[in-house]
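Read the structure below first, then the notes.
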Amino acid sequence: MSNNDHSNYTVSLHYDRRLYKYDVAGSMAHVRMLAAQGILPRGDADSIVAGLRQIRNEIENGNFPWRDDLEDIHMNIERRLFDKIGDVAGKLHTARSRNDQVSLDMRLYSKEAVISLVGAVHDLRQVLIDKAVTHAKTIMPGYTHVQRAQPVYFAHHMLAYFSMLGRDRERLLQAQTRADVMPLGSGALAGVPYPIDREMVARELGFADISTNSMDAVSDRDFVLDILSAASTCMVHLSRLAEELVLWSSKEFGFIRLHDDYTTGSSMMPQKRNPDFAELARGKTGRVFGHLFAMLTVMKGLPLTYDRDMQEDKEALFDTVDVLQSTLSVMAGMVSTMELNVDRLREAAEDGNVLATDIADYLVVRGMPFREAHGVVASLSERASSEGKKLHELSLGTYRNHSTLFEKDVLSIDVTTSLEARDVPGGTASGRVASALKAAMSDLEAESD
C-alpha cells in the first residue's frame, strides 16, 4: 500500500523553530529601519514591533499556536502577526525576501552558537590545565604506535590537548568572522528597489559588516561549512582524547579510574566499568563528519542563487552544534573527575626499554654517529630482552662489550634524567613544562578578558 501524501516533505518547522528569536530580532530591526527611512509609517512600524514582541513571549512561554501547514518558522511568525495586528502585518515583508531573511537568521544563530562553543572549549582547556598543575611532576610513558617510547610528564601530555583545542578555538572564531556579515537587503537575489539603510540594520543586529554582492549573499553557506569543518576538527581532537581515556582506564593500562558518573556497568558482567561516555564521544565524531560531508555535497552543484536544497543546512548545523557542545562538556567532566594511578604511571614509564633513545644520545655526545649508536642500542635492547632485564639493569661490562665509549655514568640514566635532558622549547624538561603551563594559564586569562 503506497502513501501518496507528501504534504510534510518540505516542512522544516520541527527543527527551524529554534531560529525564532533571531527571526523576530531581524524583523524588528528591519521594520525600524523601514520607518527611519520613511518607507513605512512610524505607527505601522510600532504596531509590528509590538506584535513581534508578543509573539516572542508566546513562543518562550510555550503558548504559541504552531501550524505545520505553514511549513517553517518564518511563515508561522508572519501568520501569527496577522492574527495579532491585522493587515498591517503584511508591510513587514517590504524590501525583504525569504531568501535574505533565512540567511540573516542562520548567521545570527551561527554567531551566537560559536560564542557558546568557544566558551565550552575554554572550559575544557581550563580543566586540562588544572589537571596538569595537579600532576605537574607525575611521570608517564609517552607512546608511538601504542608502544611505550619515552618518558614524559603527565602535564606535558595534557598540554598537547590544550594546544589542539587552542587551534580549534581559532578555527571557530574564524568561522564566526565569516558569519558576521549582514545579508538583509539582498532581496531574493538582486537587491531591493527601496532606499533602505543596510548599515543601520547591521548596527542594530551587531554585525561587523554587510554583504557586497546580493547574489552571493542569499546563496552563501560558506559560514555553515566553516563551522562544520571547525567542529569536525575539534571532534577529531576530542575523539583522540576519548580513545586515550578508554585505553588508560582499562585493566591492561590501569593508568586512571573514571568517575562513576561517566561509566556504566555491564548487563551480564557485574565486575565491568565500561567507559561509555568516552566511547560515545568517539562515535559521535563520525556523526559530525557526516554533517560536513552532507553539506559539502548539497552545495557542490547548486547554481546561483538560492535553491531549496539549502534547507538541509539547518539540521546539519544544529545537530553539529549540539553534539560538539555536549561532547566538550562531557570531556571536561571526565577529565576533571578522573583519578590517576600515579604509581602505575611511573612503573610503566620505567618498564622495558623506554630509555633506549637516551642511551643512543649518550653515545652520540661522545662522538659516535647516531645511526651507529642506534644499532648499538638495538643490540643492547635485544640482549636485555633475552635476559628478561631492563636496559638499566645490564652490567657495565655488558655495555662496554657493545661499545668502549660507555662509562659508569651510563648506569645513572633514568626516567628523570631522560626528562630533564630535553631542555628545549616545547620539550619535556620540568622547567619547560612549568613555563608552558604558565603561558597556558596566561592565555586563558587573556581569553576571559
Side-chain angles (χ1 to χ4, degrees), residues 120-144 146 148-169 237-238 240-250 253-259 262 275 278 328-352 354-355 357-358 361 392 412-449:
V121 168
H122 177 92
D123 292 345
L124 177 53
R125 294 180 87 206
Q126 183 66 65
V127 165
L128 291 169
I129 291 301
D130 291 344
K131 189 64 71 171
V133 169
T134 301
H135 291 280
K137 296 298 184 180
T138 297
I139 297 173
M140 67 175 292
Y143 290 81
T144 62
V146 201
R148 293 171 187 165
Q150 292 177 276
V152 298
Y153 284 110
F154 180 82
H156 195 62
H157 198 114
M158 291 294 97
L159 281 168
Y161 285 105
F162 181 88
S163 295
M164 293 182 208
L165 287 162
R167 297 192 296 273
D168 292 325
R169 178 181 182 274
H237 298 150
L238 298 179
R240 295 182 73 178
L241 176 55
E243 169 66 4
E244 295 205 309
L245 297 183
V246 169
L247 291 175
W248 292 352
S249 63
S250 68
F253 279 74
F255 290 174
I256 63 170
R257 178 182 174 86
L258 294 174
H259 193 276
Y262 299 98
L328 286 164
S329 177
V330 163
M331 296 304 294
M334 275 196 290
V335 173
S336 67
T337 58
M338 70 182 184
E339 298 176 1
L340 272 62
N341 186 337
V342 176
D343 293 338
R344 173 62 183 147
L345 284 163
R346 175 80 185 221
E347 177 187 348
E350 294 175 338
D351 189 32
V354 294
L355 300 176
T357 302
D358 297 270
D361 290 333
H392 70 271
S412 65
I413 295 175
D414 59 16
V415 293
T416 301
T417 61
S418 173
L419 287 163
E420 296 307 315
R422 285 156 175 80
D423 190 12
V424 296
T428 58
S430 59
R432 298 294 181 172
V433 174
S435 295
L437 278 171
K438 184 177 179 180
M441 288 185 279
S442 295
D443 286 346
L444 286 179
E445 289 177 8
E447 291 172 12
S448 300
D449 292 340

**Request:** Could you check whether the rings of His157 and Trp248 sit parallel, tilted or perpendicular, using 30° and 60° as the cut-offs?
**Result:** perpendicular
With a 4.5 Å cut-off on side-chain heavy atoms, are [Y] and [X] touching?
X	Y	value
Val415	Arg346	yes
Leu245	Ile256	yes
Leu437	Phe162	no
Ile129	Met441	yes
Leu340	Thr134	no

**Asked** Under the criterion side-chain contact (heavy atoms from CB on, under 4.5 Å), which of Val152, Leu345, Thr416 is the partner of Ile139?
**Response** Thr416
Minimum-distance pair of heavy atoms, taken over all atoms of [X] and [Y]:
X	Y	value
Ala349	Val354	O-CG2, 2.8 Å
Gly427	Val433	O-CG2, 4.0 Å
Ala348	Arg148	O-CD, 3.5 Å
Met331	Leu238	CE-O, 3.8 Å
Pro151	Leu355	CG-CD2, 4.4 Å
Ala436	Leu159	CB-CD1, 3.7 Å

Nearest 0.5 Å please: distance from the [atom1] atom of [X] over to the [atom2] atom of [Y].
X	Y	atom1	atom2	value
His259	Ser249	NE2	OG	14.5 Å
Gln150	Ser418	CD	OG	6.0 Å
Glu350	His392	CD	NE2	7.0 Å
Arg432	Glu420	CZ	CD	11.0 Å
Asn341	Glu347	CG	CD	8.5 Å
Arg240	Tyr161	CZ	OH	6.0 Å

**Message:** I'd like to know if the side chain of Thr337 and the backbone of Gly333 have a donor-acceptor N/O pair within less than 3.5 Å.
**Reply:** yes
**Prompt:** Does Arg344 reach the main-chain N or O of Phe253 with its side chain, forming a donor-acceptor pair under 3.5 Å?
**Reply:** yes
**Request:** Any chance you could lay out the side-chain contact (heavy atoms from CB on, under 4.5 Å) test for Val133 and Met158, step after step, and finish with the verdict?
**Result:** CA-CA 10 Å; Val133 169; Met158 291 294 97; over 6 Å; no
**Prompt:** With distance as the sole criterion, is a donor-acceptor pair present between the side chains of Glu244 and Tyr143 under 3.5 Å?
**Reply:** no
**Item:** Check against side-chain contact (heavy atoms from CB on, under 4.5 Å), Val335 and Leu128
**Value:** CA-CA 7 Å; Val335 173; Leu128 291 169; 4.2 Å; yes
**Request:** Would you mind listing every salt bridge (Lys or Arg N to Asp or Glu O under 4.0 Å) that reaches into residues 125-136, with sequence neighbours excluded?
**Result:** Arg125-Glu447
**Message:** So, using ring pair (Phe, Tyr, Trp, His ring centres under 6.0 Å) as the criterion, who are the partners of Phe154 when residues are at least two apart?
**Reply:** His135
